[in-house]
Each structure stands twice: as C-alpha cells, then as structure tokens.
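The structure appears below as structure tokens.
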Amino acid sequence: MFDVPEFRAMRGLRGFAATAALLAAAVAQAQAQAQTPAQPALPNVVILATGGTIAGAGASAANSATYSAAKVPVDQLITAVPEMAKLARVRGEQVFQVASESLTNDNLMTLAKRVSALTKLPDVDGIVITHGTDTLEETAYFLTLVVHTDKPIVVVGSMRPSTALSADGPLNLYDAVSVAASKDARGKGVMVTMNDEIQSGRDVSKTTNVVTSAFKSQWGPLGMVVEGRNYWFRDPAKRHTMQSEFDIDRIDALPPVEIALGYEGVSPVAIDALAGSGIKALIHAGTGNGSVADRIVPHLQKVRASGIVVIRSSRVPQGFVLRNAEQPDDKYDWVVAHDLSPQKARILAMVALTKTSDTKDLQRIFWEY
Ligand code: DGL
C-alpha cells in the first residue's frame, strides 16, 4: 500500500510509537504489580457429597417441605455458589447420593476413611461433607471420634431443598467452606454449620423437623460464621480428633449396637428380640433421667448376664443421665451415656467396642468423649 518514502518514514515512526506504547503499558503493569502485594494462594477445600435435602429438588419453589432428597450432584452444588471461589479452591467428590436416614455403618466407614485419607494430603486444607439433616448429627459425632486431624472438617445440610424459595443450603454451604478454609477453625473437632451457627459435631442435634434453625446444642454453639468470618465463643470440652484414642485407619468394622425405647406400658418384646440378634451393646433410651420400668429391669439384667453391654441413655433431649441415680448401675454393671442422646450413645458404643468391652473402661470413655 502506498510504498513511497514519506509513507515508509511514517510507517516506521508509527511502528516506533506502537512499540513505545507497548513498553509503557508493560512498565505501568509491572509498577502496578509491584505496588499490590501478590494475593496469598487460596486454601484448598474438598467437598464430599453424600445426598440429603441440600441436594434435594422440589416440583416448585413453593415446595419447601415436599421434595425429593439426594438429586443434585456435587458439581452443581458448587456452581450454584460461585462466591465460594473467593474463599477457597474448591473441588467436589460424590461419595454417596442418598437420604441420610438410609445411610449404613458401612457408609459411615467408607466416608470416614475417605475423610481421613484426604486430611493426610498436603494440598487439602479443609473438608466439607454435605449430608442429609436426619442423621447428620450421628455422622458428625462419628467423624470427630475417629478422624485424626486438626484440619477443619465441617458437616453441612439444609432444611429446604435447593429449589425452594429462601433455600438455606447455598448459604449453609458457603459458611461451611468458609469455616473449612479458616486457620482459626483448626483443632475444634468436627463442626456443623447451619443457620449461621458453628456447632460442635459432638453436641449438636436436629431438634425440630421443619425450621431452618433446627440444629441446636444444649451447651450452645461453638461460634457463628457471618459473611465469611468466624466468631468463636467456646471450645469443645470433650476429647476429639487428634486427642481421640480411636482411629478410623485402625477400625475395620463396627459392632452391632441397637436402641430400645422406654415409654409408658412398654413391653420387653423389643429388648428380648434385640438381645437375641447378635448385638454387642444395647442402648436403653429411658424416660426422664434414663429410668427403666420395673418390669423391664430383669430383662436388662438378663441382657447384661449374656455378655451384652447395657447403656442407660434418656429419650429426654436435654440434661444428662446420672450414674446410680434412677438405677443401681454399679450393682447391675451398667454404663450411663452421660449427656449423649440414644443415637449418639450408639455411635460412641460402636466405636468404643472396637477397643474394649470392659464396663469400667467403657464408662470412662462415656465421661471423656
Ligand atoms: N431425608 C432427609 C435426609 O436426607 C431429608 C432431610 C434433610 O436432608 O434435610 O436427611
């Protein structure tokens, strides 16, 4: 095009000008980078998905309680909360896709072994487990008993499906990743983030079956998480994770332990049937302070005489069972479950029985965990 001296000269000048402009831009960028310190690398958080309502889907946004649990895959849970990318480098694994009432001991073992393996990886800083809320408290307690790590492990669920108006899952998940990515959450035992609160996996229970504030502990939350920041108010009082004498890497199977409920007019049929089913311990979910109906006492004594451990818990959600109060536990060689609900007493009994069946040692374990 126009190959004349003036144009050639201009084209040369223009080339020079363009080069100078590029150089100036490169210098400006280098100066800008020099002024803003490099952002520290984000922590790595792994989300292990197991199903539940947090992965649930309803027919319409108005369905906050009628829906199918365990439908949405983990990658969709992650893409639904893009803000998490500012907290951590997040990746997901789909461990199960089930409603949590259907989880089994084998599922618990598989999940805990995966969590344990991940905590040993240098490029994993925290772990989140998405889970149905029905048995979330049992899984959280099991993990705090058997996973040896001080890296944050957070179990999270939701009371409304992801498709519902004011779904609580996305914020609960954001909070869980925030806590799992936090250095100040290390060494707190397994935690549960629901409804802005950071609960101890040991202490928390689902206390209501419909509201988003369902998860409570009678000893209060460990703290709160608000807009990606943790506010701590107490530490766990019982042994957990690194201080635990139990280690999932040295447990191959969980012994069968079942629960019998106490109530007005109760018959010994359930207890006698359970006693003959091969169980290693029976949790008696008694009334009041773990009371046992007088007609039931001989049946529990027979259970104990057969070598099965008898553990007195209470169906009452608050308080704790006093040893030798409602029953002469020393005389009957029974164990008391302290403040643990029947379902949590069962978790601890299964774990403890992988190590001992001595009732004095078991009672120590129920005081300490
Ligand atoms: N089926 C219940 C479960 O998976 C749904 C409750 C929930 O996840 O919130 O635990």
Side-chain angles (χ1 to χ4, degrees), residues 47-78 80-81 92-112 114-115 127-144 153-177 179-180 190-217 221 225 259 317 341-344 346-347:
I47 297 180
L48 298 179
T50 71
T53 295
I54 195 167
S60 89
N63 287 125
S64 62
T66 308
Y67 57 85
S68 303
K71 295 293 176 205
V72 179
V74 64
D75 291 341
Q76 279 185 40
L77 294 178
I78 294 171
V81 190
E93 292 181 14
Q94 193 76 48
V95 184
F96 313 118
Q97 186 68 292
V98 296
S100 70
E101 65 271 21
S102 301
L103 288 169
T104 65
N105 283 357
D106 288 346
N107 293 149
L108 265 185
M109 293 286 291
T110 302
L111 178 63
R114 184 62 188 141
V115 170
I127 294 172
V128 169
I129 295 126
T130 58
H131 196 289
T133 60
D134 284 9
T135 63
L136 189 149
E137 65 206 66
E138 296 167 62
T139 298
Y141 187 36
F142 180 70
L143 295 173
T144 212
I153 300 173
V154 186
V155 189
V156 64
S158 74
M159 296 300 291
R160 296 173 181 153
S162 51
T163 50
L165 288 172
S166 304
D168 54 332
L171 181 56
N172 286 350
L173 182 57
Y174 178 85
D175 288 346
V177 168
V179 172
V190 172
M191 295 161 280
V192 173
T193 55
M194 294 288 285
N195 197 42
D196 302 331
E197 292 180 328
I198 308 170
Q199 298 280 0
S200 153
R202 177 203 184 268
D203 299 340
V204 76
S205 291
K206 182 176 183 179
T207 60
T208 314
N209 55 16
V210 280
V211 298
T212 53
S213 59
F215 279 75
K216 298 289 179 199
S217 156
V225 48
I259 302 171
S341 63
Q343 59 270 26
K344 291 201 179 200
R346 173 179 169 272
I347 294 289

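Both counts, for ligands and for their atoms, begin at 1 and track the order of listing.
Considering every non-hydrogen atom in both Ser205 and Glu137, the closest pair reads OG-OE2, 3.5 Å.
Protein residues with a heavy atom closer than 4.0 Å to ligand 1 are Gly52, Thr53, Tyr67, Ala99, Ser100, Glu101, Gly132, Thr133, Asp134, Ser158, listed by chain and number.
Two residues are said to be in side-chain contact when any heavy atoms from C-beta on lie closer than 4.5 Å; Phe142 and Leu111 fail this criterion.
For Thr135, the side chain to side chain contact (heavy atoms under 4.5 Å, CB included) criterion is met by Ser100, Leu103, His131, Glu138, not counting sequence neighbours. For the side chain to side chain contact (heavy atoms under 4.5 Å, CB included) test, residues two or more places apart in sequence or in another chain that qualify with Pro221 are Glu197, Gln199. Residues that satisfy the salt bridge (Lys or Arg N to Asp or Glu O under 4.0 Å) test with Lys206, not counting sequence neighbours, are Asp134.
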Check the pair Asn107 / Thr110 against side-chain hydrogen bond (donor to acceptor under 3.5 Å, both in side chains), numbers first and verdict last. CA-CA 5 Å; Asn107 293 149; Thr110 302; 5.5 Å; no
